[in-house]
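Note on naming: letters A, B, ... go to the chains in the order of the sequence lines (proteins, then strands), and numbering restarts at 1 for each one.
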Amino acid sequence: MDDHKLLELWKTTDQKLEACLRFNRQNAEDLTKWKVRSLLASMNPLKLFTLLMGILWVCFVDLLIINTFPYGNPFFLVSAGIQVLLTKFAIGIYLYQLILIYQVDVGEPVINTQEKLARLRSSTLWVARLLFLQLPVWTTFYITADMIKDGGAGFFLVQIPVTFAFLYLAIWLFINIKYEKRDKKWFRLLFSGREWGPVIQSMELLDQVREYRQGAPEVKE
Amino acid sequence: MERNARTFLDVVDSHKGIIYKISAAYCRNEPDRKDLVQEILLQLWLSFHKYNAQFALSTWIYRIALNVSISHLRTEYRRKRINQDLPADLLNLKDEEEPLQPESDTEFLFACIRQLKAIDRALILLYLEGKSQQEIAEIIGTTPTNVSTRVFRIKQQLKQKFSNHTK
């Protein structure tokens, strides 16, 4: 098949559409009554709820730290401080990303718009990395001076390996959760939920954008 | 050009073929295609006040329709939930006549296009629509040289598939 035949074939679709495609003006009029929704109104209720819970959690832990600071257990204060700091970063990235996605102009050239959207969407991985980084503090916040003094060898034999295992896992995930690892089995398993599908697809789209930015590949004739 | 609802509906009416073909290139099933048409028209309407008259109206429509279609591939769940209260039947085929007969060469061409990567699909659609390399470059956001090389490569793929199909 040559170029001419390919274009002719496409034109036959045009002719058929010309003859039988109708625009339902009445239904479309309803659409023109649609107004641009605010960022809050356009958000998934579950995501909005999760975000609100996250903000409330951060406020609660902050208050707890401030109020117990003079007499609080140092393990709790440091663990809670690290946890709440990382959660704040994660919420900040998420909010920033949501606002930017909301502001993307779909009337710009395809590669520009898709690159912005895909980069923002795939930056969700940063949220996951930060949230995994807080794993070890969940194994230390409850430790007290009495536990260390009276716990004996049994306490240290359990506590130290568990904390170090969580620390190792947290650092390993923080380093390895990145775009380049997307084809690894553990990565696919970790990010297999419906919410993560668009993120993975965005990373794949970034590959295509990069190809277009770098120029076309060599053509073998 | 006035940016009111009436003008918008006239603009869509005169470019409905473009919208239908792009939606057919990104969605195989009719219900999905209807959803995509709805989303494209909604985004066209919401962006209508931002239309920059220095570009041709068709360039603006192509950009929005292609951007929405490519994004649609990865945001299906969210889109369905947001637009569930909007009318779905916006572009209808008269007498339920299907222009893309399942066994026809045109449907085979669409099927081949749907197998391409998202941005390659956009590129070949614009080429088949008869757009110049310069126009394609403006819509896609790349250089005319890049367009030329890539279109050549995609055409080779399509021709190969057609020659296998007709064997």
Side-chain angles (χ1 to χ4, degrees), chain A residues 1-3 5-7 9-14 16-37 42 44 105-115 117-118 121 194 197-202 204-205 208-209 211-213 215-219 221, chain B residues 5 8-9 12-13 16-17 20-21 41-43 45-47 50-52 60 63-64 66-68 70-71 73-75 77-78 81-82 86-87 89-95 97 99-100 105-106 109 117-120 122 128 130 138-142 146 149-150 152-153 155 158-159 162-163:
Chain A
M1 178 182 267
D2 58 23
D3 289 7
K5 279 187 181 167
L6 201 61
L7 292 167
L9 185 58
W10 190 256
K11 274 187 185 158
T12 59
T13 316
D14 276 341
K16 285 176 189 171
L17 285 176
E18 189 74 37
C20 67
L21 190 64
R22 273 185 181 169
F23 174 49
N24 192 332
R25 222 179 153 95
Q26 204 167 0
N27 279 353
E29 265 183 38
D30 292 346
L31 190 135
T32 60
K33 288 165 190 148
W34 192 261
K35 299 274 183 272
V36 179
R37 283 180 159 198
S42 66
N44 176 336
D105 183 2
V106 286
E108 281 184 26
V110 173
I111 288 181
N112 297 4
T113 305
Q114 293 305 317
E115 185 175 25
L117 283 172
R121 189 77 65 185
R194 189 168 59 182
V199 178
I200 305 296
Q201 285 166 340
S202 295
E204 287 164 355
L205 189 74
Q208 293 176 49
V209 168
E211 282 174 19
Y212 271 83
R213 291 267 185 240
E218 281 182 31
V219 180
E221 291 191 59
Chain B
F8 171 74
L9 295 172
V12 172
D13 203 1
K16 58 184 183 288
Y20 184 89
K21 281 182 280 182
L41 293 191
L42 179 64
Q43 291 304 327
W45 168 243
L46 295 178
S47 304
K50 287 193 277 187
Y51 164 63
N52 182 350
W60 176 74
R63 278 181 179 176
I64 292 184
L66 290 168
N67 271 321
V68 171
I70 295 170
S71 302
L73 293 173
R74 50 180 198 277
T75 54
Y77 171 71
R78 180 180 159 273
R81 193 182 40 71
I82 289 174
L86 284 175
D89 279 331
L90 294 163
L91 287 183
N92 294 323
L93 296 166
K94 195 167 66 181
D95 304 326
E97 192 180 337
L100 306 175
D105 279 349
T106 44
L109 178 58
K117 289 177 181 175
I119 303 175
D120 287 349
L128 291 169
E138 274 176 17
I139 294 167
I140 297 287
T142 187
N146 202 358
T149 322
R150 285 195 168 269
F152 179 80
R153 188 173 60 90
K155 275 192 302 188
L158 292 179
K159 286 174 191 172
F162 261 95
S163 69

Fill in the blank from the handout: One should read off an interatomic distance between A:T13 OG1 and B:L109 CG, to the nearest 0.5 angstrom, of 7.0 Å
Practice task
Would you mind reporting whether A:E211 and B:R150 have side-chain heavy atoms less than 4.5 Å apart?
Solution key: yes
Problem - Closest non-hydrogen atom pair between B:G17 and A:L17, with its separation - result: O-CD1, 4.2 Å
Exercise for the section: Flag the pair B:L46 / A:V106 as yes when at least one side-chain heavy-atom distance between them is below 4.5 Å, and no otherwise. Expected result: no
Practice task
Ignoring hydrogens and angles, tell me if any N or O in the side chain of A:Q208 forms a donor-acceptor pair with the backbone of B:A118 under 3.5 Å.
Solution key: yes
Fill in the blank from the handout: Between the CG atom in A:D14 and the NZ atom in B:K21, the distance rounded to the nearest 0.5 Å is 3.0 Å
Practice task
Please tell me if the side chains of B:S71 and A:Q114 come closer than 4.5 Å, counting only heavy atoms from C-beta onward.
Solution key: yes
Exercise for the section: Please look at A:E29 and chain B and tell me whether the side chain, the backbone, both or neither of the residue comes under 4.5 angstrom of a heavy atom of that chain. Expected result: both
Practice task
Could you look at B:N52 and say if it's the side chain, the backbone, both or neither that has a heavy atom under 4.5 Å from chain A?
Solution key: neither
Handout entry: Short side-chain to backbone donor-acceptor contact, B:N67 and A:E108, under 3.5 Å
Key = yes
Handout entry: From NZ (A:K33) to CH2 (B:W45), nearest 0.5 Å
Key = 10.5 Å
Handout entry: Nearest atoms (heavy-atom pairs only) where A:L6 meets B:F162
Key = CD1-CE1, 4.5 Å
Problem - Euclidean distance, A:N24 CG relative to B:D13 CG, rounded to 0.5 Å - result: 10.5 Å
Practice task
Name the member of B:I140, B:L158, B:I64 that forms the most heavy-atom pairs with chain A at distances under 4.5 Å.
Solution key: B:I140
Handout entry: Flag, side chain of B:N146 to backbone of A:Y212, donor-acceptor distance under 3.5 Å
Key = yes
Exercise for the section: List the atom of B:L41, the atom of A:L31, and the distance in Å for their closest heavy-atom pair. Expected result: O-CD2, 3.6 Å
Exercise for the section: Flag yes if more than 12 heavy atoms outside B:K50 fall under 6.0 Å of its NZ atom; otherwise flag no. Expected result: yes
Fill in the blank from the handout: Counting heavy-atom pairs under 4.5 Å with chain A, the top scorer among B:A122, B:G130, B:G141 is B:G141
Fill in the blank from the handout: Minimal heavy-atom distance between A:F23 and B:L9, with the atoms involved, is CE2-O, 3.5 Å
Exercise for the section: Check each atom of B:K117 against the heavy atoms of chain A and say whether the ones under 4.5 Å are side chain, backbone, both or neither. Expected result: both
Practice task
Answer whether the closest heavy-atom distance between the side chains of B:K159 and A:D3 falls below 4.5 Å.
Solution key: yes
Handout entry: Max heavy-atom pair count under 4.5 Å with chain A, selected residue of B:L128, B:L66, B:T142, B:D120
Key = B:L128
